[in-house]
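What follows is a short report on a single structure.
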Amino acid sequence: MRKTVFVLYLFLLPLTATFAQKKRGGGFNIFSIQQDLDLGKQVSAEIENNPKQYPLLAETGRNGKNEQAYAYLRGVVDRILNSGKVTYRKEFPWRVKIIHNDTTLNAFCVPGGYIYVYTGLIKYLDTEDQLAGVLGHEIAHADKRHSTRQMTTQYGQKLVLDVVLGRNQGALTQIAQGLLGLRYSRSHENEADQYSVEYLCGTPYRSDGAAGFFQKMLSNKQGGGAPEFLSTHPNPQNRVQQITNKAKADGCNLNNYAAARYDYFKSLMP
Ligand SMILES: [Zn+2]
């Protein structure tokens with residue numbers, strides 16, 4: 001699926017690739033903001049067209065329960081987006097969808113701000129603050145443009161540019177195949193954790209919400225199946241400590257926000 005998307009995408013790239021976007025996104029990225037948007041749009045379209053792998057919860061239905069669930073989830077996302085800390089708040093569409101799959105404890109965000117949360121994760125968490133922490137982390141991956149930055153470093157600017165300009169078609173296959181196994185680097189994971197705190201610090205949420213989530217996962221590891229989020233986000237255990245340290249150093253809120261409300265959200269899940 002991803003291969004098709006990426007091949008298509010490369011053909012649609014304009015011939016004038018943008019260089020040196022160190023300013024807002026942070027880190028070198030050969031891709032333009034518009035290309036992040038285009039890539040995200042295509043990947044999200046592929047997801048919508050693949051209900052077998054991604055059974056999306058409809059935005060309406062079940063006597064209004066779906067509407068209420070989405071209203072609640074958008075409320076959480078909007079509080080983060082309105083923290084004043086999200087760089088591409090206006091440029092990216094920031095859509096959020098629920099994937100109806102109770103066995104997957106995960107969430108992800110594709111370039112351009114298309115966020116996906118599994119019902120498995122929603123049901124697993126205990127508080128809205130933990131959910132906000134995870135969403136902040138995922139929003140940071142898109143806002144800091146980690147996917148396209150990763151592609152730029154992984155393959156090198158020259159190779160990517162050669163492919164973009166059609167000078168090296170063999171490399172196209174190489175990159176497309178590599179994209180299937182694309183993982184964020186440890187530094188990108190740490191950056192997403194740090195920005196999760198930074199974003200939440202500008203909201204009513206407990207700023208170390210993401211740490212609460214990781215703590216729960218680490219303590220449950222022995223008891224049941226290994227949480228999927230940890231396998232897609234390989235990291236040392238000091239991650240929790242780093243999140244808490246930043247929250248304390250920045251003097252951010254460390255109290256739960258509207259804790260009781262989260263049960264209501266869970267009750268809306270199919
Ligand atoms: Zn991550």
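In each ligand, atom 1 is the first atom listed, and ligand 1 is the first ligand listed. Excluded from the calculations below are hydrogen atoms, water molecules and symmetry mates; all remaining heavy atoms, backbone and side chain alike, are included. Residues: numbered from 1 along the sequence shown.
- Taking the ring centre of Tyr124 as origin, the terminal cationic atom of Lys216 falls inside the region bounded by 6.0 Å and 45° from the ring axis.
- One of the N, O or S atoms belonging to His137 lies under 2.8 Å away from the Zn ion (ligand 1).
- With respect to Asn245, the side chain to side chain donor-acceptor pair (under 3.5 Å) criterion is satisfied by exactly one of Gln242, Lys248, Gln241: Gln241.
- For Arg95, there are no salt bridge (charged side-chain N to carboxylate O under 4.0 Å, His left out) partners, not counting sequence neighbours.
- When the N, O or S atoms of His141 are ranked by distance to the Zn ion (ligand 1), NE2 comes first.
- Looking at Glu189 and the Zn ion (ligand 1) together, the shortest N, O or S contact belongs to OE1.
- Among the atoms of Asp193, none of the N, O or S atoms falls under 2.8 Å from the Zn ion (ligand 1).
- The one candidate from Lys266, Arg206, Arg79 that meets the salt bridge (Lys or Arg N to Asp or Glu O under 4.0 Å) condition with Glu128 is Arg79.
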